[in-house]
Amino acid sequence: MAGFAVALVLVVAAVGLLRWRRPAWYWLTFGVTLAVVRVLVRYGSVMDACGLTAPPPRWRLALARVANRPIPESRSPRILRLRPTRTGLVLRLKLRPGQDAFDVAAASDRLRHSFSMYGVTSRELRSGVVEVRMTGYDVLKRVQMPTEKETRPMRVPVALRQDGSVHYRDYRAIPHALTLGATESGKSVYQRNLVAGLAPMDVALVGIDCKQGVELFPLARRFSALADDPDTAAEVLDALVERMKRIYQVIRAQQRITADVPDAEIAADIWDLPDHLRPVPVVVLVDEVAELALYANKEEEKRRDRIVTDLVRLAQLGRAAGIYLEICGQRFGSELGKGITMLRAQLTGRTAHRVNDETSANMAFGDIAPDAVLAAIQIPAETRGLAIAGDSSGGWHRTRAPHTSLRQAVNICNRHADRTPELPELAPFRPTLPGPDATPVPLVKASSATT
């Protein structure tokens, strides 16, 4: 008996240590079984306590009166499926008549406490069916991306959401995006994950890094064009606008709008063109947008207006031509001058890391999700990489990108350097990589470097 007690104490101590040091392992070994039992046993009482029950229908009440039986109890939403995952549980519920998906969303915090889970979120799948995702531990404390991820063209897994699902950057669904973050907030790591995810794809990368290229130049082997100062950036954006106009002429020539042409063959963007005519899509990464909008004299003001005008044009018209914008910065506000709010209105995707002021969070989410503003300004400084990601639909999630070192990103870009396309419009801005013994030179147009 004493030996059994000692063994039991050792097992309990091992389970406690596993839960503290390796929560993911604990969940997969013990936590998932305990959570399933807890949900099934407590389900009826928890639904009743959280106000998620519906009164019985009138015909059942009438039948009980006629049969002189007790009045039927209120009914909870019916469980359609209970599926364990590597991070938690997924509960699919069929709502009763009179219930609403908002009721489940409003009770998510109470469900979290009642079922002893770390987090609970819900979303409506279709009319009357709600999916409740419960996480068993803090998945954002130590981000581990799943090995199997959905891969589609122009769709990049960049972070992990709080509910354990993968957060994707889908350029065909959300063409342009804004990413904000203060210094040491994890914005650069997010950008590295984005470039590393795009590197194996058939896409051209164009970088604008006005910090003398310190962020993007190490990844230069995978970039078709790079600019490290506002003057070169203005020329790159002019070239992209010209490329956009040329692609529109190609689409226009292939539309062939006649009565005998099927609807599916009428081209409206590059993805409707035949493979042999489809131009390569272009992703433009702007590392610090504020540097493009600042000016000190009249000449710089003209350059600034030219840059902002090109960015607005690309944001408004670039999607159909396969040109996508990824705007990053520490600060993004109306004080950057005219055209900034117009540019912001075209950036559907919004991601905010830790910001230093509420105004920046408002510029990211104030017009689409006021709740996300409060969540963005509450991100602690010690949790680098934690961000609030949303879009113009009003939905938002807490996410965190896995840590990717600069060396890892460089290795991925070098491995896929053969996929870097040659774009005629951007050929003068193709980065020139110096040899190991060469002295660093600034990024300039190729024609200027040879003179």
Side-chain angles (χ1 to χ4, degrees), residues 154 171-172 174-178 198 203-210 216 223-255 267-273 277-295 299-329 336-349 420-431 443-448:
M154 304 305 297
Y171 286 94
R172 295 189 63 177
I174 302 176
H176 314 299
L178 171 66
L198 289 169
V203 60
L205 300 180
V206 176
I208 297 177
D209 182 5
C210 290
L216 297 181
F223 276 78
S224 298
L226 271 176
D228 67 344
D229 61 78
D231 291 326
T232 311
E235 297 180 19
V236 168
L237 292 173
D238 286 342
L240 287 171
V241 171
E242 293 302 318
R243 173 181 173 82
M244 179 180 66
K245 294 177 181 178
R246 184 180 61 81
I247 292 176
Y248 274 127
Q249 294 299 322
V250 175
I251 297 173
R252 180 72 178 272
Q254 291 297 316
Q255 284 183 329
D269 56 30
I270 66 169
W271 304 106
D272 296 328
L273 295 174
L277 291 177
R278 182 181 302 150
V280 62
V282 179
V283 175
V284 184
L285 296 105
V286 180
D287 183 64
E288 187 52 67
V289 67
E291 287 298 318
L292 301 178
L294 297 177
Y295 61 90
E299 290 299 322
E300 292 184 357
E301 183 180 7
K302 293 179 181 178
R303 182 196 64 202
R304 179 254 176 221
D305 293 342
R306 174 181 160 198
I307 289 175
V308 173
T309 300
D310 285 343
L311 286 174
V312 172
R313 283 178 176 171
L314 292 173
Q316 289 179 338
L317 308 174
R319 181 204 61 82
I323 299 177
Y324 308 103
L325 296 181
E326 198 72 36
I327 307 294
C328 302
L336 295 180
K338 60 182 180 180
I340 290 298
T341 54
M342 184 184 298
L343 175 61
R344 191 273 303 263
Q346 304 296 327
L347 304 177
T348 306
T420 306
E422 294 281 352
L423 304 183
E425 302 89 350
L426 301 176
F429 310 99
R430 184 73 181 263
L443 282 170
V444 294
K445 294 178 63 175
S447 58
S448 300

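Values in this document were obtained by computation on a predicted structure and should not be read as measured data.
- The distance from the CG atom of Leu343 to the CG atom of Leu311 is 6.0 Å, given to the nearest 0.5 Å.
- A salt bridge links Lys245 to Glu242: one of the charged nitrogens lies within less than 4.0 Å of a carboxylate oxygen.
- Ser224 places a side-chain N or O within donor-acceptor distance of the main-chain N or O of Pro421, the cut-off being under 3.5 Å.
- The closest side-chain heavy-atom distance from Asp287 to Cys210 is not below 4.5 Å.
- Between Ile208 and Pro230 the shortest side-chain heavy-atom distance does not fall below 4.5 Å.
- Electrostatic pairing of Arg306 and Asp238 counts as a salt bridge here, judged by a charged N lying under 4.0 Å from a carboxylate O.
- Scanning for salt bridge (Lys or Arg N to Asp or Glu O under 4.0 Å) contacts around Glu299 gives an empty result, with sequence neighbours left out.
- For Arg303, the side chain to side chain donor-acceptor pair (under 3.5 Å) partners are Asp231, not counting sequence neighbours.
- Shown here for Asp305 and Lys338, the closest heavy-atom pair between the two residues is OD1-CE, 3.7 Å.
- By the 4.5 Å heavy-atom criterion applied to side chains, Leu314 and Met244 are counted as neighbours.
- Between the side chain of Tyr171 and the backbone N or O of Arg319 there is no donor-acceptor pair closer than 3.5 Å.
- The distance from the CG atom of Asp269 to the CZ atom of Arg278 is 9.0 Å, given to the nearest 0.5 Å.
- For Glu300, there are no salt bridge (Lys or Arg N to Asp or Glu O under 4.0 Å) partners, not counting sequence neighbours.
- Arg243 places a side-chain heavy atom less than 4.5 Å from the side chain of Leu423.
- Between Arg430 and Thr420, the shortest heavy-atom distance links the atoms NH2-CG2, 3.3 Å.
- His176 places a side-chain N or O within 3.5 Å of a backbone atom of Leu325 that can act as its donor or acceptor partner.
- Taking 4.5 Å as the limit, every side-chain heavy atom of Asp228 sits out of range of all side-chain heavy atoms of Asp209.
- In this structure, Val284 and Val236 have side chains that are not in contact, with every pair of non-hydrogen atoms separated by 4.5 Å or more.
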